[in-house]
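Right, one structure below, let's go through it.
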2 protein chains.
Amino acid sequence: MVTIKDVAKASGVSPSTVSRVIADNPRITEDTKKKVRKAMKRLGYHPNISARNLVAKSTKAIGVIMPSSADKALQNPFFPEILRGIGSVIHDVQYSMSLSTGETEEEIFREVQRMVYGSYVDGVILLYSRVNDRVTNFLRENEFPFVIVGKPYDHETEITHVDNDNFRAGKEITEHLIAQGHKRIAFIGGSRELIVTMDREAGYEAALQGAGLENCDGYKIHTEFLKSGGREAVEYLLSLETRPTGLVVSDDLISLGILARLEEAGIHVPHDVSLVSFNNVYLSEITRPALTTVDIQIYELGAQSAKVLIEKTKNRNEPAKRIIIPYHIINRDSVNDLR
Amino acid sequence: MVTIKDVAKASGVSPSTVSRVIADNPRITEDTKKKVRKAMKRLGYHPNISARNLVAKSTKAIGVIMPSSADKALQNPFFPEILRGIGSVIHDVQYSMSLSTGETEEEIFREVQRMVYGSYVDGVILLYSRVNDRVTNFLRENEFPFVIVGKPYDHETEITHVDNDNFRAGKEITEHLIAQGHKRIAFIGGSRELIVTMDREAGYEAALQGAGLENCDGYKIHTEFLKSGGREAVEYLLSLETRPTGLVVSDDLISLGILARLEEAGIHVPHDVSLVSFNNVYLSEITRPALTTVDIQIYELGAQSAKVLIEKTKNRNEPAKRIIIPYHIINRDSVNDLR
DNA sequence: CTGTTAGCGCTTTCAT
DNA sequence: ATGAAAGCGCTAACAG
């Protein structure tokens with residue numbers, strides 16, 4: 001391995017000068033810079049990152065934590081997309097990103113511990129937000145720079161987070177259904193532990209209430225995210241005396257399953273029942289019918305979270321921020337006008 | 001930050017002893033170990049990874065390189081799933097994984113350069129394989145440990161790779177269609193630059209040939225992966241004088257689009273046309289009809305590649321290996337028996 | 001503008 | 001079985 005010393009020797013300067021050339025320090029002559037750079041190129045010099053990290057006490061790396069989850073849920077295209085958003089800004093500032101590898105909550109927790117205590121990363125992005133999360137608490141207690149994509153369960157004002165207004169989105173998309181003449185509207189969501197589910201559901205409820213519609217528990221279904229592709233949820237729905245005419249589904253991937261199960265049962269979307277959902281992943285535009293869904297701008301969610309985190313790592317007493325990414329309702333073909 | 005020195009002082013031993021305790025060196029008394037460990041716990045000591053990396057000349061990190069690709073293609077659930085596989089073994093050996101963030105080929109190339117030259121990672125996993133790939137060549141020339149998920153374009157015997165037998169899989173799934181009485185079978189694939197497309201297509205061709213069926217170019221369509229959800233491909237298909245009765249599609253996500261476009265055109269799967277595809281991502285079991293597809297065991301592909309890479313980083317002159325992950329045809333509902 | 005020196009936190013001979 | 005000392009490659013005062 002060729003080090004800074006080799007370059008120094010080869011170009012007849014001191015190691016510190018070489019270091020300064022690397023940092024493009026203005027106090028170095030263009031001449032020496034040129035000379036040193038030539039030597040670097042000739043010898044094939046590249047700075048050793050570990051050495052630099054050691055003295056800089058910063059790794060220019062951020063940790064990205066995926067939710068604990070045996071299997072399927074992670075196949076949600078939400079994740080590659082948000083990673084892409086994070087990656088884009090990470091890339092621009094020449095940082096790197098380290099992805100969590102744990103499957104269980106416990107594994108992930110220990111991983112985050114290693115990241116933090118080992119000074120392995122300068123900051124952490126949490127790609128989920130759930131009730132009473134150990135990782136969140138740990139990060140908070142250690143005052144380690146982190147940001148949540150989503151809304152924190154508590155200490156909302158102290159934790160920097162990037163989120164959509166999921167309450168309003170839930171409300172608005174439900175109102176959209178109501179405006180089309182729907183009166184019996186059900187909600188199908190993922191785990192109740194997830195804040196995002198809670199928020200969207202609360203929005204749904206508010207819309208019903210606002211329209212003076214009945215708000216019965218029988219119309220709120222929580223499926224263990226991808227459980228059998230929504231079969232149970234649909235079976236339950238079909239067993240109902242008075243079936244809903246509209247469905248608010250908290251995630252496009254769930255919608256896909258629901259859609260298929262519904263059609264299987266001979267119920268056509270949007271003819272027999274209308275469906276709206278959330279996220280606007282690529283999927284939702286290629287299904288049939290294409291989904292009317294809330295575009296939450298996943299990419300932007302990722303990009304902004306990375307941006308604000310990096311600011312935070314650079315200036316540790318940056319105040320906690322809440323960043324709300326606007327959403328847009330994308331009208332496609334899964335909603336029927338009942339009027 | 002509490003360092004090894006602090007622990008040493010607190011427990012009345014020398015720094016080197018503490019270091020040995022960390023490494024669980026057998027030449028240290030159980031007594032001193034206990035003593036030192038207690039001090040570590042009390043002070044909240046955690047080893048600094050950068051410092052360790054610097055002297056160990058190893059980072060226990062591996063780089064995972066995603067294909068260059070503006071947008072959609074990365075939304076393929078293939079990626080989270082393979083990341084999960086890689087993650088599982090990475091996790092077990094306490095390594096970490098660094099994900100590429102570049103979008104263009106050029107960006108990715110420079111990123112890999114940084115990873116390699118900066119000793120940022122001990123090895124690299126390439127999640128794609130394409131014709132004349134710059135990154136592959138770079139890694140090869142530098143004799144840096146890496147493995148390809150897929151089949152290398154050239155130097156096949158010198159490059160460790162983890163792959164399915166895509167040729168056979170393509171052949172077998174096509175033969176499956178043939179066995180059901182299909183005679184006019186088209187192939188719809190992603191980019192021709194991707195080795196995986198080439199292999200599956202070659203298998204498809206071999207099956208036709210083996211059955212003495214016509215093998216015309218008009219039946220081979222290459223769509224820019226996700227272009228408009230396969231609309232063009234389907235339109236083209238419909239414009240044909242004699243339409244195929246069977247479709248071999250190189251990726252589940254493409255299939256999903258094709259499926260929808262077909263139904264839009266009033267062509268029912270499998271009644272009017274049968275469709276088979278590849279990957280068996282979660283999607284393929286929740287669509288309607290559920291897809292008959294080749295389960296390529298994505299998770300295993302990831303896990304094995306990580307495993308073999310880690311071996312390689314530990315023993316740099318481990319010989320190049322080829323690891324073939326078995327595939328299974330999953331029969332679901334997208335194929336019609338014509339006999 | 002450049003060189004000298006010290007030191008980041010850890011591991012590893014080499015002594016003892 | 002343990003300690004002292006050197007050094008991994010780099011940066012950053014401090015001099016000059």
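The sequence lines fix the lettering, A, B, ..., with proteins before strands; numbering per chain opens at 1. All values below come from the heavy atoms of this structure, side chains included, with hydrogens, waters and symmetry mates left out.
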Give me each pair satisfying salt bridge (Lys or Arg N to Asp or Glu O under 4.0 Å) with a member in residues 38-47 of chain B, each pair once, sequence neighbours excluded. none
Exercise answer: donor-acceptor pairs, residues 120-133 of chain A side-chain atoms, under 3.5 Å, sequence neighbours excluded:
residue : atom : partner : partner atom : Å
A/Y120  : OH   : B/S96   : OG           : 2.4
A/D122  : OD1  : A/T59   : N            : 2.9
A/D122  : OD1  : A/T59   : OG1          : 3.2
A/D122  : OD2  : A/S58   : OG           : 2.9
A/D122  : OD2  : A/T59   : N            : 3.4
A/D122  : OD2  : A/K60   : N            : 3.0
A/Y128  : OH   : A/D133  : OD1          : 3.4
A/Y128  : OH   : A/D133  : OD2          : 2.9
A/S129  : OG   : A/K151  : O            : 2.5
A/D133  : OD2  : A/T136  : N            : 3.1
A/D133  : OD2  : A/T136  : OG1          : 2.8

Name all pairs fulfilling the ring-ring contact (aromatic ring centres under 6.0 Å, His included) condition that reach into residues 4-37 of chain A, sequence neighbours left out, sorted by first residue then second. none
Residues at least two apart in sequence or cross-chain that pass side chain to side chain contact (heavy atoms under 4.5 Å, CB included) with B/N137, listed by chain then number, are B/E141
Between the first and last five pairs of the helix from C/dC1-D/dG16 to C/dT16-D/dA1, the angle of the axes, rounded to 10 degrees: 40°
Mind running a 4.0 Å heavy-atom check of residues 25-38 of chain B against DNA chain D and sending the residues that fall below it, in number order? B/R27, B/I28, B/T29, B/T32
Polar side-chain atom of B/E111 near backbone of B/G102 as donor-acceptor pair, under 3.5 Å: yes
Using the salt bridge (Lys or Arg N to Asp or Glu O under 4.0 Å) criterion, which residues pair with A/D31? Sequence neighbours excluded. none
Outer limits of DNA chain C sitting under 4.0 Å from a non-hydrogen atom of chain A, read 5' to 3', are C/dC1 to C/dG9
Would you name the heavy atoms of A/N76 and B/P80 that are closest together and state the gap between them? O-CG, 4.4 Å
Is it true that A/R110 and A/E106 make a salt bridge, defined as a side-chain N closer than 4.0 Å to a carboxylate O? yes
Using the test side chain to side chain donor-acceptor pair (under 3.5 Å), find all partners of A/K312 that sit at least two apart in sequence or belong to another chain. A/T160
Salt-bridge test for B/E158 and B/R140: reply yes if a basic N is under 4.0 Å from a carboxylate O, no otherwise. yes
By the ring-ring contact (aromatic ring centres under 6.0 Å, His included) test, which pairs, at least two apart or in different chains, include something from residues 3-59 of chain A? A/H46-B/Y117
Got a list of side-chain donor-acceptor pairs under 3.5 Å for residues 316-326 of chain A, not counting sequence neighbours?
residue : atom : partner : partner atom : Å
A/R316  : NH2  : A/E143  : O            : 3.0
A/E318  : OE1  : A/N315  : ND2          : 3.0
A/E318  : OE2  : A/K321  : NZ           : 3.0
A/R322  : NH1  : A/E156  : OE2          : 3.0
A/R322  : NH2  : A/E156  : OE2          : 3.1

Does the protein touch nucleotides 5-13 of chain D at the base, only the backbone, or not at all? Give it as B, S and - per nucleotide, heavy atoms under 4.0 Å. ---BBBBBB
